[in-house]
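The block underneath contains the structure these notes are about, expressed in structure tokens.
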Amino acid sequence: MAEGTLSWDRVQVEREVETVSRPSLSYWQDAWIRLKANRRALISLYLVVALLAFTVLGPFLWTVDPAAQDLDQISVPPGADRTATVAEDYAPWRGVSATPIEGDDVAGAPATVTVADQPTTNAVRLSWDPVAGARGYRVYRNQYDPEPDGALGLPIAEILSPANVSFEDRLDLKAQTYFYSVVALDRAGRESAGYTTVTADVTRVITAREAVEKGLIENESDVRPGDTVKMAFHPLGTDYLGRDMLARLMHGARVSLFIGIVAPFFFVIIGILYGSAAGFMGGRADQVLMRFADFVVALPFLLFMILLRILFNVESGDSGIGPMLVAMVLLSWPAAARLVRGQILQIREEGYIGASRLLGAKTNYLVLRHMIPNTMGVILVTLTFAVPSAIFTEAFLSFIGMGVAPPTPSWGSMCNEGLKTMLTTPHELIAPAAFISVTVLAFNLLGDGLRDALDARMRATE
């Protein structure tokens with residue numbers, strides 16, 4: 001009786017063990033579960049999907065032409081004031097004249113400098129008192145106060161008539177504060193000691209006709225002088241030519257991600273085929289093939305880029321996407337070939353490969369059915385790590401002028417353009433640099449998570 005009870009208890013325990021055991025999972029199902037458990041990798045995957053949606057769907061939602069220039073809003077940062085005051089059409093200004101005061105030497109700087117009318121983005125009109133002995137005047141404009149170091153800024157006018165004591169500035173005016181300085185000139189055109197500075201707070205204005213042309217209002221009769229209208233909306237601001245930064249980032253993402261995904265796809269495919277052939281054949285053939293791969297690694301990438309640009313007859317202003325893709329594909333496959341070769345050398349010694357050979361399996365069947373599928377984990381991780389490397393290479397080449405050339409937007413070329421104005425308008429550099437950094441970081445973290453999820457040895461230790 002005791003023995004029968006013991007047997008019954010054993011059966012119940014075995015059934016309970018079978019009930020709580022984990023259901024059978026495939027290799028890829030188990031890898032997906034492990035990837036979801038890695039929070040950093042999962043967030044990186046969401047970022048990659050968001051970047052792809054930004055690249056593919058973004059231009060359909062934000063339909064602004066990336067090449068269109070908004071000359072009323074040049075280098076405007078995000079969140080800046082977009083209001084403009086309606087003004088009358090521009091009317092020429094005759095200026096101010098005064099009787100010259102004779103003298104042997106220049107008697108210093110003008111006593112006063114005044115702003116004749118309300119300074120606007122259409123014009124800033126200055127007038128000043130004549131200086132005894134002056135044979136002319138020079139006008140400077142600065143965005144900063146010239147005190148205390150006397151940095152007067154940009155010379156914008158040289159007036160060689162002592163009777164003309166006025167000047168109208170219409171040179172690329174923006175809605176900001178300017179400091180105008182006037183210096184008197186002697187007979188030889190030399191500047192006298194001292195200068196007089198006046199401050200002009202420029203306001204943005206627009207005429208009713210211009211507002212209709214830009215689509216801000218429907219009819220000129222809808223507004224009167226003194227009313228305010230909203231200028232075109234640019235969520236991320238504009239660049240130094242007045243082009244919308246968001247639209248250029250979207251179209252630039254198409255170029256950067258196209259190069260970053262297409263080039264790795266092709267050179268990883270080449271590496272798979274080359275490494276599989278070398279690893280399966282082994283022996284002398286393997287040595288010859290891998291020495292050729294070492295030779296390709298030693299080739300200078302920039303030199304090949306220059307030669308390919310000459311071969312493709314890429315001129316100034318032409319897009320350099322073609323030579324860049326060819327150079328990456330021709331010179332970047334050895335790394336993938338080495339990894340695949342190592343995996344093939346290990347797999348071909350497995351028992352199931354020997355059994356397949358005994359059953360009459362051909363070489364093509366062994367490579368395509370058994371060897372390459374069992375290296376897919378390594379191939380996928382290699383591809384994931386190759387994408388950020390290609391994106392960074394494109395950004396670097398475009399940054400130094402060897403890659404995508406303006407006006408074609410790419411994140412690298414946008415960084416090159418933003419570097420010129422980073423001190424005054426840093427958003428032109430920060431936006432594309434942030435996209436490059438986030439993309440490279442997301443793909444690297446995703447590749448790290450895939451490596452952990454697909455590594456069979458790590459699953460065995462858990």
* Kindly indicate whether the side chain of C415, heavy atoms from C-beta on, has any atom under 4.5 Å from the side chain of L429. => yes
* To do: With the side chain counted from C-beta on, respond yes when V340 and I379 share a heavy-atom pair under 4.5 Å apart, and no when they do not.
  => yes
* To do: Using the side chain to side chain donor-acceptor pair (under 3.5 Å) rule, collect all pairs that involve residues 424-443, keeping only residues at least two apart or in two chains.
  => S75-E428, T421-T425, T421-E428, T425-E428
* With side chains defined as the heavy atoms from C-beta onward, is the minimum distance between L307 and P323 less than 4.5 Å? -> no
* Which residue pairs satisfy the ring-ring contact (aromatic ring centres under 6.0 Å, His included) criterion with at least one member in residues 207-257, sequence neighbours excluded? -> none
* Of all heavy-atom pairs between A123 and E168, which one has the smallest distance, and what is that distance? -> CB-OE2, 3.5 Å
* Asked: Taking all atoms of both residues into account, what is the closest heavy-atom pair of L35 and A41, and its distance?
  -> CD1-CB, 3.6 Å
* **Side chains of L397 and L302 in contact at under 4.5 Å (non-hydrogen atoms)** => yes
* Distance from I321 atom CD1 to L325 atom CG, nearest 0.5 Å? -> 7.5 Å
* **Sole candidate of D201, T199, D145 that passes side chain to side chain donor-acceptor pair (under 3.5 Å) when paired with T177** => D201
* Closest heavy-atom pair and its distance - I259, A390 -> O-CB, 4.2 Å
* **Worked verdict on M305 versus L331 for side-chain contact (heavy atoms from CB on, under 4.5 Å)** => CA-CA 10 Å; M305 273 296 304; L331 301 181; over 6 Å; no
* Asked: Going through the checks in order, is the side-chain contact (heavy atoms from CB on, under 4.5 Å) test met by I74 and L241?
  -> CA-CA 6 Å; I74 294 178; L241 292 178; over 6 Å; no
* To do: State, with a plain yes or no, whether a side-chain heavy atom of P59 is found less than 4.5 Å away from one of W62.
  => no
Kindly list each side-chain donor-acceptor pair under 3.5 angstrom involving residues 45-54, sequence neighbours excluded, with atom names and distances?
none

* **Distance, nearest 0.5 Å, that separates CE of M414 from CG of L249** => 4.0 Å
* Asked: Would you call V326 and L311 a side-chain contact if the rule is heavy atoms closer than 4.5 Å?
  -> no
* To do: Give a yes or no on whether the backbone of A232 and the side-chain of Q73 come within a donor-acceptor separation of less than 3.5 Å.
  => yes
* How many angstroms lie between CD1 in I436 and CD1 in I391, if you round to the nearest 0.5 Å? -> 9.0 Å
* Begin from the C-alpha positions of V329 and I270 and carry the test side-chain contact (heavy atoms from CB on, under 4.5 Å) through to its verdict. => CA-CA 8 Å; V329 172; I270 295 175; 3.6 Å; yes
* Asked: Could you give the distance from CD1 (I156) to CG (D169), rounded to the nearest 0.5 Å?
  -> 4.0 Å
Could you list the donor-acceptor pairs under 3.5 angstrom formed by side chains in residues 223-230, with sequence neighbours left out?
residue, atom, partner, partner atom, Å
D227, OD2, R224, N, 2.8

Anything under 3.5 Å between a donor and an acceptor, one on a side chain of residues 286-295, the other on a protein residue two or more places apart or in another chain? List them.
residue, atom, partner, partner atom, Å
D286, OD1, R341, NE, 2.7
D286, OD2, R341, NE, 3.1
D286, OD2, R341, NH2, 2.8
Q287, OE1, R291, NH1, 2.9
R291, NE, D294, OD2, 3.0
R291, NH2, D294, OD2, 2.9
D294, OD1, R338, NH2, 2.5

* Asked: D70: what forms a salt bridge (Lys or Arg N to Asp or Glu O under 4.0 Å) with it, not counting sequence neighbours?
  -> none
* Would you mind listing every ring-ring contact (aromatic ring centres under 6.0 Å, His included) that reaches into residues 379-419, with sequence neighbours excluded? => W411-F435
* Asked: Where do S410 and S256 come nearest, in terms of heavy atoms and distance?
  -> CB-OG, 4.0 Å
* Asked: Listed by chain and number, what are the side chain to side chain donor-acceptor pair (under 3.5 Å) partners of E218, not counting sequence neighbours?
  -> none
* **Residue pairs, two or more places apart or on separate chains, that pass ring-ring contact (aromatic ring centres under 6.0 Å, His included) and touch residues 321-348** => Y274-W333
* **Distance, nearest 0.5 Å, that separates CG of N444 from OG of S44** => 9.0 Å
* Student check: side-chain heavy atoms of L152 and N142 closer than 4.5 Å -> no
* **Partner set under salt bridge (Lys or Arg N to Asp or Glu O under 4.0 Å) for E158, not counting sequence neighbours** => R138
* **Crowding at CZ, F266 (>12 non-hydrogen neighbours, <6.0 Å)** => no
* Asked: How many angstroms lie between OG1 in T197 and CD in E147, if you round to the nearest 0.5 Å?
  -> 6.5 Å
* Within a reach of under 6.0 Å around CD of E88, are more than 12 heavy atoms found that belong to other residues, nucleotides or ligands? -> no
* Charged N to carboxylate O under 4.0 angstrom, D81 versus R204? -> no
* Asked: Just wondering, do M324 and S398 contact through their side chains at under 4.5 Å, heavy atoms?
  -> yes
* Which pairs count as side chain to side chain donor-acceptor pair (under 3.5 Å) when at least one residue sits in residues 115-124, sequence neighbours excluded? -> D117-R125
* Identify the two heavy atoms, one from P409 and one from S413, that lie closest to each other, and give their separation to 0.1 Å. => C-OG, 3.9 Å
* Residues that Y178 engages under side chain to side chain donor-acceptor pair (under 3.5 Å), provided they are two or more places apart -> none
* side-chain contact (heavy atoms from CB on, under 4.5 Å) between R40 and D448: does it pass, once the steps are laid out? -> CA-CA 9 Å; R40 290 183 303 175; D448 189 64; 4.2 Å; yes
* Asked: Which atoms form the tightest heavy-atom contact between T384 and P388, and what is the distance?
  -> O-CD, 2.9 Å
